Visitor: 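Before I ask anything, here is the structure I am working with.
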Amino acid sequence: MLAAAMLALCAALPAGAAAQVSPATVEKAAAAAASRQLLVMLRLPPQHFHPDAAYAGRYPDDGGRAARRRAGQELARKHGLKLVDDWPMPVIGIDCYVMEQAGDAPLEPVLEALARDPRVAWAQPMNTYQGLAGDDPLYPVQPAAKYWKLAQLHKSSTGRGVRVAVIDSGIDAGHPDLAGQVRQQQDFVGSPAAAELHGTAVAGIIAARAGNGLGIAGIAPDARVLALRACWTDVAGLTRCNSFTLGKALNFAITNGAKVINLSLSGPADRLLQTLLDTAAARGMVVVGAADPQRADGGFPASYPGVIAVAGADRAHAPAGALLAPGAGIPTTMPGARWGFVSGPSYAAAHVAGLAALLVQLDPSANAAQLRDTIRTAANNAAVQAFPVAQAGNIDACATIAHATGACACSCPSIAAVKASSP
């Protein structure tokens, strides 16, 4: 999407001026284009999707797709739009088309007109999302290692073989603490692929290698990451995404066997993403979302039914029902073989995505609701109430793993006591 904006901008400049375009100018042009874009979902014929096939992209041999693209082009011409991009999403029975309106007229009339066409399942605006990093003071320790007792948890589970989809900005798969941890890597943004801070930091918290004498240990060091770049870093250093890039990444995660999906981002409710999240839940996938501290309900997708919402432990106010996990002063991986400290709800969510991977290894059939019920919190465990909540959160990871295994995971008195504390 950014690459298309760059090409359009350069084409409009006088000869020889393209080299003078600044990143800020490109970013501004991309934002302006996105505000005029909408998504149009064309229905797929039922026979198009075969559940035994792993669709991941463009269906180059699909003759029907060419006909549907012609239909998309016809719709665009009819409504005075330009067809920008498209992506098949057979798991929810649609082809998703990005169209753009010239000028700055309201989008509502054309959305209503498109919705009346029988070929269209629905049409919607292009929504934008932002990663939930923060600027809180850093602590010089890894809170999960201390308060979640990772070394002891890893005697019971390391998340071995569990596929965790990190839908985020670019991940540095060559980082020494992430080497060999990335099972698949896909770029759904279209701008030059890059190793970016937000995605690399989230991936490190979830699955950094343990016992290699370097850096940190991930919550689930034997999980395998699907590094799905659906977000990019803008000129202000913020992590941005949109409905289309996130939709493509969610579709890929669903069709490629992810068991845990981490969404460390927030934005408006979105029908395309809601439909894909419903499909993920129906297939037993666990979706973890970062709760936006600026929204009373935590924002979307954290507030969506079936998503495990996670707020930073340092937040004075968190949405009702949200889990609290370490989210301030977290040491983690950074691009360029570096480590550093990060803060924000994005990184709290990554902790719970890693914990979910530990639980999935112990019970591969568990779904999000079951895992949410398995996670022990301060509400029903007196021991965790002694932790400094601003650093540790309200999750008793030892009791959680003990509950899942039926055996003492850390320095607990007896499994009988753990069972007695269960609701």
Side-chain angles (χ1 to χ4, degrees), residues 1-10 21-35 37 85 126-136 138 165-175 177-178 182 185-206 208 225-250 252 262-268 289-290 292 294 299 301 312 327 330-350 353:
M1 305 295 288
L2 288 177
M6 180 68 176
L7 290 172
L9 181 62
C10 290
V21 177
S22 70
T25 302
V26 175
E27 193 73 45
K28 185 176 180 179
S35 70
Q37 289 178 345
D85 204 350
M126 175 76 82
N127 290 313
T128 58
Y129 298 80
Q130 181 172 321
L132 295 175
D135 297 317
D136 299 318
L138 301 180
V166 178
I167 298 179
D168 213 297
S169 60
I171 294 172
D172 185 358
H175 192 286
D177 237 356
L178 291 172
V182 175
Q185 201 164 13
Q186 293 287 328
D187 182 5
F188 299 103
V189 173
S191 60
E196 294 162 301
L197 190 151
H198 195 270
T200 302
V202 166
I205 292 168
I206 294 171
V225 172
L226 304 185
L228 308 183
R229 185 177 183 242
C231 309
W232 59 92
T233 304
D234 68 12
V235 293
L238 299 175
T239 300
R240 304 288 189 183
C241 331
N242 65 41
S243 305
F244 188 54
T245 57
L246 292 171
K248 290 189 287 185
L250 276 169
F252 186 95
N262 187 83
L263 293 169
S264 288
L265 50 94
S266 179
D292 188 341
Q294 303 303 317
I330 310 300
T332 188
T333 49
M334 291 190 171
R338 297 181 300 114
W339 291 262
F341 289 91
V342 294
S343 298
S346 286
Y347 311 115

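Worth knowing before you read on, the calculation uses all heavy atoms, side chains too, and leaves out hydrogens, waters and symmetry mates. Small disclaimer: the values here were computed from a predicted structure and weren't measured.
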Visitor: Please report the closest heavy-atom contact between Ala290 and Ser264, naming both atoms and the distance.
Guide: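 Residues Ala290 and Ser264, closest heavy atoms: CB-CA, 3.9 Å.
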Visitor: With the side chain counted from C-beta on, respond yes when Gln130 and Asp292 share a heavy-atom pair under 4.5 Å apart, and no when they do not.
Guide: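 No, their side chains stay 4.5 Å or more apart.
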Visitor: Report yes if the side chains of Asp172 and Thr333 come closer than 4.5 Å at any heavy-atom pair, otherwise no.
Guide: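 Side chain of Asp172 against side chain of Thr333, heavy atoms only: no contact under 4.5 Å found.
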Visitor: With side chains defined as the heavy atoms from C-beta onward, is the minimum distance between Glu196 and Arg229 less than 4.5 Å?
Guide: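 Yes, their side chains come closer than 4.5 Å.
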Visitor: For a quick test of reading the model, state the closest non-hydrogen atom pair linking Ala230 to Leu246 and the distance between them.
Guide: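 Reported closest heavy-atom pair: CB-CD2, 3.8 Å.
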Visitor: Return the minimal non-hydrogen interatomic distance between Ala249 and Leu228, and the atom names on each side.
Guide: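 Between these two residues, the closest heavy atoms are O-CD1, 3.5 Å.
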Visitor: Does a side-chain heavy-atom distance below 4.5 Å link Asn242 with Trp232?
Guide: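 Of all side-chain heavy-atom pairs linking Trp232 with Asn242, at least one is under 4.5 Å.
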Visitor: What's the shortest heavy-atom distance between Thr200 and Gly170, and which atoms?
Guide: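 The pair with the smallest heavy-atom distance is OG1-O, 3.4 Å.
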Visitor: Of Asp234, Leu265, Asp168, which meets side-chain contact (heavy atoms from CB on, under 4.5 Å) against Thr239?
Guide: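 Answer to the side-chain contact (heavy atoms from CB on, under 4.5 Å) test with Thr239 among Asp234, Leu265, Asp168: Asp168.
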Visitor: For a 4.5 angstrom cut-off between non-hydrogen side-chain atoms, does His198 reach Ser346?
Guide: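 A side-chain contact exists here, since the closest heavy-atom pair is under 4.5 Å.
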Visitor: CG of Leu238 to OG1 of Thr233: how many Å apart, nearest 0.5 Å?
Guide: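 The OG1 atom of Thr233 is 9.0 Å from CG of Leu238, to the nearest 0.5 Å.
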Visitor: Indicate the atoms forming the closest heavy-atom contact of Ser169 with Gly199, along with that distance.
Guide: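 Looks like OG-N, 2.8 Å.
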Visitor: Is the closest side-chain heavy-atom distance between Leu250 and Ile167 below 4.5 Å?
Guide: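 Yes, side chains in contact.
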Visitor: Which class fits the ring pair Trp339 and His175: parallel under 30°, tilted 30 to 60°, perpendicular over 60°?
Guide: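 Perpendicular.
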Visitor: Any chance you could lay out the side-chain contact (heavy atoms from CB on, under 4.5 Å) test for Tyr347 and Val202, step after step, and finish with the verdict?
Guide: CA-CA 6 Å; Tyr347 311 115; Val202 166; 3.9 Å; yes
Visitor: Would you name the heavy atoms of Ala201 and Thr332 that are closest together and state the gap between them?
Guide: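 Nearest pair, atom of Ala201 first, then Thr332: O-OG1, 2.8 Å.
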Visitor: Please round to the nearest 0.5 Å and tell me the distance separating atom CG of Asn262 and atom CD1 of Ile205.
Guide: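 Asn262 CG to Ile205 CD1: 9.0 Å, rounded to 0.5 Å.
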